[in-house]
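What follows is a set of notes on a single structure, which appears directly below.
Reminder, nothing fancy here: chain letters follow the sequence lines and each chain counts from 1. Below, each value reflects all heavy atoms present in this structure, side chains not excepted, and no hydrogens, waters or symmetry copies.
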Amino acid sequence: MVGLESLTLQLWQLWQSGYLTELFIKVIIFPGLVHISLVVLLAVWFERKVNARIHLRVGPYHVGPVMGFFQPIADFVKLIGKELIVPEKAHKLLYKTAPISALALSTLSFAFIPFGVIGSEMSLPFIPFHLSPGEYWVVYYSNISLLIVILLFSVRPFIIIAAGWACRSKYCTVGALRTAFQLLAYEVPLLVAIVGVVMVAGSFDLVAIIESQSSIWHGVFQPLGLAVFFVAMMAEVSRRPFDLPHAEQELVYGWATEYPGVLYGCFMMAEYVDLYLGAVLMTALFLGGWLGPAFLPPIAWFLLKAGIIVCIVTLLRGVFPRVRIDQLLDAGWTYLIPLALIQVLIILGLAHVAPGLLGLA
Amino acid sequence: MPVMRVKFGPQHPISGHLCLALDVDGDVVVNIEPDIGYTHRGLEKIAENRNYVQAVPPLERANIVDSVHMVLGYVEAVEELMGVEVPERAKFIRVIMAEMSRIASHLYWLCLMAVAVGLETMLMWPINDRELLLDLFEMYTGARITHSFFIPGGVRRDLPQGFKEQTFRALSYLEQRLGDYDRMLYQSYTFKIRTQGVGKLKPQEAIKLGLVGPSIRGSGVKVDVRKDEPYAAYDQLEFTVPTGKVGDSYDRSVVRLREMEQSISLIRQALERLPSGPIKAPAPSSAPKGETYSRVESARGELGYYLVGDGTTRPYRLKISSPSFRNLPAMGYLSKNVPFADIPVILWSLDLWPLDMDR
């Protein structure tokens with residue numbers, strides 16, 4: 001009884017301190033689930049609409065108030081309504097959990113990314129909630145947040161391999177193998193491209209990395225690193241021209257061929273979340289995060305930059321054919337990694353010759 | 001990893017109704033076995049059970065995207081058997097329709113080739129522009145795809161008013177669009193690395209495998225029935241036969257693009273030089289005893305008709321030698337130890353159309 005009373009007391013104190021409300025707002029609304037879902041819906045709609053215009057089609061038109069804006073929601077509801085058919089020979093547990101874990105893993109990374117700095121005092125009526133200026137819009141602050149995000153980013157291939165293997169279908173197996181090749185190969189240039197940023201910022205803390213760009217964005221002195229990061233990120237999130245895992249022409253839908261209804265919906269959403277995560281990372285590392293002229297609030301700058309990157313990536317789908325797996329791997333090992341290393345050398349040289357230029361002095 | 005046998009079709013996003021059994025080792029296809037016949041409809045036998053004019057509608061179903069040539073080959077064979085001389089005007093109208101059908105078929109092929117390398121934009125553009133040609137067909141024949149418009153002795157009706165002007169408008173638009181395709185797909189670096197050096201065939205190999213049409217011309221062998229054994233009005237019109245140099249998938253694709261340009265110029269010439277006069281000659285309802293083989297250059301290559309008449313109103317035997325079936329051996333020959341991703345590219349660079357393969 002004493003234990004229960006003290007627990008209740010502790011919970012009450014926690015509630016009074018505003019921590020629970022803060023956590024709820026941050027996890028559920030911003031930068032949590034609502035924000036991510038909205039961005040995914042926007043990205044799906046934008047991709048379909050703009051690609052339709054490139055194709056000389058109209059695209060989504062009827063659902064929603066303007067230009068078929070609610071079409072992705074309608075599609076997702078339709079996916080939820082579908083019957084779940086589990087292949088007879090599939091590994092049942094893995095088959096059902098892999099999509100959910102893929103989505104959970106992709107969204108988890110957003111807990112460690114700071115989306116902006118709080119400018120003015122924030123509080124709510126009746127509910128204890130308080131955010132003071134100088135705090136960050138981040139669910140869990142850690143001084144190695146970049147490392148954690150990269151770690152979570154690199155676990156994805158294994159879930160995809162598991163998902164492809166669990167179906168026991170030939171298309172899925174070949175697709176999963178391909179995905180393994182591609183994602184594991186492009187981890188390396190992605191990480192090497194980040195090295196330059198971490199060297200200049202001197203920290204794995206995303207807040208410190210963004211604030212070290214207050215004089216000049218890292219992308220300015222590291223254009224090679226930026227380009228390598230962009231290409232490697234496109235390959236990591238399997239966007240055209242690197243969408244080999246889903247090569248419809250050969251493998252029907254790659255490792256996700258056998259997944260029906262909402263399980264497929266989870267994979268699809270996870271892909272868009274990954275795309276957004278890549279754009280957010282690129283913004284934070286190279287494009288100054290929330291930094292920008294004061295006429296827009298910091299969060300708006302962050303979302304604007306990330307949104308532009310998502311738009312560019314979705315636009316590229318209408319222009320490029322898909323490359324072959326061996327060409328993809330060749331390009332990764334022979335161009336991207338040397339380019340990223342050259343960038344690191346340039347940064348080393350600049351740090352010796354003109355540290356003030358990089359904001360190191 | 002052991003070698004897996006993967007069925008590529010007949011239910012697959014890219015292969016149509018063609019089924020290929022692939023032996024896949026990892027991501028490499030070591031062997032391939034075509035398994036055709038999923039769309040076999042017995043069209044030859046159906047044609048033998050009908051009289052000579054009634055056989056036209058089922059036969060054009062053999063190759064729906066190039067239906068004009070399916071009928072043209074048959075009609076030429078029947079006329080040869082019956083000894084009917086076709087009026088000049090009908091010959092020119094046949095050339096116009098045949099070349100329009102060739103462009104429509106090549107546009108259809110272009111969108112499938114673009115899908116094979118994974119570019120949906122080039123799926124939508126040619127399909128959209130093909131509508132122009134289908135509209136022209138509709139204006140003339142009343143049907144968009146299955147016209148059944150050629151009959152032994154000529155064509156059914158004369159050209160409608162305004163057809164010439166509308167055709168010229170459509171052709172000048174198409175000419176400009178061909179430049180767009182060139183810039184969008186053919187000049188694209190990704191398309192080049194996906195198709196150059198893939199499915200390479202030397203001229204000797206291509207001849208040995210018995211390829212026909214744009215597929216053999218891509219290897220640099222100048223074979224074209226329109227030049228070698230002119231039918232309809234082709235001996236009165238100027239055109240060149242485009243050929244490739246290397247013989248890879250890219251060259252075969254380029255040959256088809258150049259052929260569309262030649263077809264546009266052929267239609268223009270034929271419309272300008274269109275003679276006046278009757279559009280059909282009287283043809284008997286029954287053919288004499290005898291046999292004949294006639295060939296036309298369809299969009300996919302040489303299309304042959306072997307026809308035996310026995311003095312009745314029905315053909316005694318009709319055999320179609322279809323271009324896709326003759327190009328099929330190259331698919332097996334080229335698909336040994338190639339990456340999985342090259343299979344669709346090779347398949348569509350040969351333009352294997354399962355419908356006229358199976359008939």
Side-chain angles (χ1 to χ4, degrees), chain A residues 47-48 50-59 164-165 168-182 185 231 234 238-255 257 314-331 335, chain B residues 1-9 11-15 20 22-29 111-129 131 177 180 183-186 188-198 338-345 347-348:
Chain A
E47 172 166 23
R48 290 185 58 176
V50 168
N51 274 299
R53 286 298 158 98
I54 296 175
H55 294 172
L56 304 178
R57 289 185 290 126
V58 181
W165 175 80
R168 306 274 170 86
S169 153
K170 289 170 180 172
Y171 291 123
C172 294
T173 313
V174 177
L177 278 174
R178 257 190 197 196
T179 317
F181 278 136
Q182 174 175 343
V231 175
M234 296 257 296
S238 324
R239 300 296 304 186
R240 191 72 53 81
F242 308 124
D243 59 341
L244 298 125
H246 291 317
E248 203 173 286
Q249 284 62 47
E250 306 104 73
L251 299 171
V252 190
Y253 204 70
W255 50 271
T257 305
T314 47
L315 271 175
L316 292 180
R317 188 177 164 193
V319 196
F320 282 120
R322 178 185 298 120
V323 298
R324 216 166 51 205
I325 185 77
D326 52 326
Q327 292 161 346
L328 181 80
L329 299 182
D330 277 357
Y335 292 108
Chain B
M1 206 173 147
V3 174
M4 276 195 304
R5 173 154 278 214
V6 179
K7 280 270 185 164
F8 192 80
Q11 294 276 323
H12 194 277
I14 192 71
S15 75
L20 303 169
L22 311 176
D23 290 330
V24 182
D25 182 8
D27 210 51
V28 176
V29 175
C111 75
L112 286 166
M113 186 71 194
V115 170
V117 295
L119 182 63
E120 281 99 357
T121 306
M122 284 299 291
L123 160 69
M124 297 294 169
W125 287 8
I127 279 284
N128 200 8
D129 297 336
E131 288 293 307
R177 289 298 277 174
D180 288 352
R183 280 196 300 280
M184 184 76 188
L185 190 69
Y186 286 80
S188 150
Y189 174 73
T190 326
F191 182 70
K192 280 185 183 167
I193 60 172
R194 279 302 302 277
T195 50
Q196 281 179 349
V198 172
V338 296
F340 202 151
D342 282 350
I343 294 291
V345 175
L347 175 66
W348 285 110

(message) Could you work out, with side chain to side chain donor-acceptor pair (under 3.5 Å) as the rule, every residue matching A:Ser169, not counting sequence neighbours?
(response) A:Glu258

(message) How close do B:Met184 and A:Gly318 get, counting heavy atoms only, and between which atoms?
(response) CE-O, 3.5 Å

(message) Please classify the contact between A:Ile54 and chain B as side chain, backbone, both or neither, with a heavy-atom cut-off of under 4.5 Å.
(response) both

(message) Just to verify, what does A:Val231 make a side chain to side chain contact (heavy atoms under 4.5 Å, CB included) with, not counting sequence neighbours?
(response) A:Phe242, A:Leu336

(request) Below 4.5 Å from any heavy atom of chain A, which atoms of B:Val198 appear? Answer side chain, backbone, both or neither. (result) side chain

(message) Let me confirm one number: the NE2-CG distance from A:His55 to B:Leu119, rounded to the nearest 0.5 Å.
(response) 7.0 Å

(message) Using a 4.5 angstrom heavy-atom cutoff, name the option from A:Val323, A:Asn51, A:Ile325 with the most pairs to chain B.
(response) A:Val323

(request) Work out which heavy atom in B:Phe8 is nearest to a heavy atom in A:Tyr171; give both atom names and the distance. (result) CA-OH, 4.1 Å

(request) Output the option from B:Ile193, B:Val6, B:Leu347 having the highest count of non-hydrogen pairs under 4.5 Å with chain A. (result) B:Ile193

(request) Identify which part of A:Arg57 has an atom lying under 4.5 Å from any heavy atom of chain B, answering side chain, backbone, both or neither. (result) side chain

(message) Looking at every non-hydrogen atom in both residues, tell me the closest pair between A:Pro321 and B:Thr190 and how far apart they are.
(response) O-CG2, 3.3 Å

(request) Grab the two heavy atoms, one from B:Arg194 and one from A:Arg324, that are nearest each other, plus how far apart they are. (result) CD-N, 3.7 Å

